[in-house]
Amino acid sequence: MKTSRPIRARIRPAAILANYRSAKACAPDAWAWAVVKADAYGHGQLRAVEALRHEADGFALLECENAVLLREHGVRQPILLLEGIFGEADARRVVDYGLHSAVHCREQIEMLAAHARADRPLSLYLKINSGMNRLGFDAATLPQAWESLKKIPALNLTLMTHFAEADGARGVLWQLERFKALAGDWHGPVSLGNSAAILRHPLAHGDWVRPGIMLYGASPFADQSAAEFGLQPAMSLESRIIGVQSIAAGERVGYGGTFTAEQPMRIGIVACGYADGYPRSAPSGTPIAVAGKLTRTVGRVSMDMLACDLTDIPDAGIDSPVTLWGPGEAGHVPADAVAAAAGTISYELFCAVAPRVPVTVDGQ
Ligand SMILES: *Cc1c(COP(=O)(O)O)cnc(C)c1O
């Protein structure tokens with residue numbers, strides 16, 4: 001519903017396409033699954049798929065229902081279920097709709113084997129636990145997996161693993177070594193890199209990379225910005241000033257009075273709160289742009305509002321544009337900067353944008 005309350009999420013499909021091309025340029029010898037799980041990291045699954053329709057090598061997501069929805073929407077590319085199947089019904093749909101499925105435990109392989117048909121090759125991604133210790137087979141369970149896979153009459157197999165610290169100091173080589181040891185004499189295709197590995201570890205791409213966050217124009221790194229990689233922000237969160245207070249030194253702002261004015265201040269009240277998806281954990285000082293100038297939030301984020309410092313923006317008042325994150329009418333605030341201030345990552349900000357926030361799509 002397009003409400004008159006001024007908050008908006010703005011999505012740029014052209015940025016998603018440009019970022020996918022950047023991922024392909026970073027991994028020129030690999031195919032790339034466009035990861036559109038979690039409603040394309042809050043950007044809208046169909047919007048992202050539409051943006052990449054003519055270029056993506058494949059789409060990766062979680063729910064079988066969403067994969068089927070894409071098929072019914074006319075998507076012809078491979079679709080990969082990143083967590084594999086959750087039951088018998090999914091196993092049937094993987095076969096019927098020709099979906100690619102990760103298999104991370106023996107139960108999944110057994111279920112798929114029971115539905116497999118000789119006339120329909122099954123495309124499976126055997127997930128190897130190389131140190132993330134979340135999903136996948138290790139040295140103890142891998143032999144059983146190979147045994148179970150023999151029951152599938154027609155099989156296209158890819159080996160995959162997921163990096164835990166591709167964005168950090170420990171990197172990926174330790175996991176690559178474990179992966180190679182577990183893969184043994186496997187010479188078939190492998191799928192390795194997430195965004196961090198695509199951008200920073202050229203030896204850890206594999207035949208299929210799996211870019212997620214970089215498609216949406218944010219950085220997987222705490223120490224390197226999206227702009228440094230030429231990534232384009234695909235989402236902006238924008239609103240307007242709906243109230244102004246002039247306060248004396250010593251006055252506090254907001255719930256709990258966590259911010260105290262040290263001198264007289266002009267405070268702007270923005271129509272955006274944690275019920276819109278803005279993080280309540282964002283402290284005073286989180287960057288925000290108003291009417292073309294960068295400023296800071298003050299006090300605690302409320303459910304429907306937050307406060308910011310307008311002292312040095314005398315022209316700003318009721319109805320002035322505000323950019324919470326992304327490039328907007330009021331200026332550009334990197335989502336990564338807001339996330340860092342709030343002690344989280346842009347992934348979480350994007351995924352948390354609330355259903356009550358109306359979405360506008362550039363070019364539509
Ligand atoms: C989410 C996910 C990705 C994408 O990770 P980014 O850090 O967003 O690039 C890749 N592979 C798997 C298995 C995932 O679950």
Side-chain angles (χ1 to χ4, degrees), residues 15-16 19-27 30-43 45 48 52 56-64 66-67 78-86 99-105 108 124-137 158-168 171-172 175-176 179 189-202 204-226 229 231 233-235 335-336 339 344-352:
I16 298 175
N19 295 332
Y20 181 82
R21 289 174 177 164
S22 296
K24 293 283 286 185
C26 288
W31 303 85
W33 293 106
V35 178
V36 295
K37 67 186 178 188
D39 203 26
Y41 293 45
H43 293 66
Q45 175 180 261
L52 300 173
D57 300 321
F59 296 100
L61 43 68
L62 301 185
E63 305 85 357
C64 222
N66 277 323
I79 302 174
L80 171 64
L81 304 175
L82 287 166
E83 290 180 350
I85 59 171
F86 300 99
L99 305 176
H100 285 53
S101 179
V103 284
H104 61 73
C105 62
Q108 286 183 328
L124 300 185
Y125 269 50
L126 185 67
K127 183 130 178 177
I128 304 292
N129 175 11
S130 59
M132 177 83 166
N133 291 323
R134 200 172 57 177
L135 293 179
F137 297 96
T158 300
L159 260 53
M160 81 183 288
T161 199
H162 193 55
F163 296 122
E165 301 181 52
D167 59 323
V172 298
Q175 272 189 275
L176 269 185
F179 178 76
V190 301
S191 174
L192 303 175
N194 55 2
S195 296
I198 292 167
L199 292 167
R200 210 172 253 184
H201 304 289
H205 289 167
D207 303 285
W208 281 86
V209 289
R210 305 185 304 272
I213 193 67
M214 70 180 294
L215 299 182
Y216 308 104
S219 171
F221 306 112
D223 59 355
Q224 228 176 336
S225 71
F229 294 106
L231 298 173
M235 181 200 288
D336 293 317
T344 184
I345 50 177
S346 54
Y347 299 67
E348 191 180 16
L349 297 190
F350 295 156
C351 292

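Keep in mind it's a predicted model, so treat the numbers as computed, not measured. Along the sequence shown, residues are numbered consecutively beginning with 1. Counting starts at 1 for both ligands and their atoms, in listed order.
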I need the Asp57 CG to Trp33 CH2 distance, nearest 0.5 Å. 9.0 Å
Examine distances only and state if a side-chain atom of Arg210 and a backbone atom of Ala34 form a donor-acceptor pair shorter than 3.5 Å. no
Using atom types as modelled and distance alone, determine if a side-chain donor or acceptor of Asp39 lies under 3.5 Å from a backbone N or O of Tyr41. no
Please produce the table of protein N or O atoms sitting under 3.5 Å from N or O atoms belonging to ligand 1, one pair a line, distance to 0.1 Å.
from: ligand 1; atom 1: 7 (O); to: Tyr347; atom 2: OH; distance (Å): 2.7
from: ligand 1; atom 1: 8 (O); to: Tyr41; atom 2: OH; distance (Å): 2.6
from: ligand 1; atom 1: 8 (O); to: Ile213; atom 2: N; distance (Å): 2.8
from: ligand 1; atom 1: 9 (O); to: Ser195; atom 2: N; distance (Å): 2.8
from: ligand 1; atom 1: 9 (O); to: Ser195; atom 2: OG; distance (Å): 2.5
from: ligand 1; atom 1: 9 (O); to: Gly212; atom 2: N; distance (Å): 2.9
from: ligand 1; atom 1: 11 (N); to: His162; atom 2: ND1; distance (Å): 3.4
from: ligand 1; atom 1: 11 (N); to: Arg210; atom 2: NE; distance (Å): 2.8
from: ligand 1; atom 1: 15 (O); to: Lys37; atom 2: NZ; distance (Å): 2.7

Nearest 0.5 Å please: distance from the CG atom of Leu192 over to the CD1 atom of Ile198. 10.5 Å
Does Ala164 have any side-chain contact (heavy atoms from CB on, under 4.5 Å) partners at least two apart in sequence or in another chain, and if so, which? Met132, Gln175
Arg134 and His104: side-chain donor and acceptor closer than 3.5 Å? no
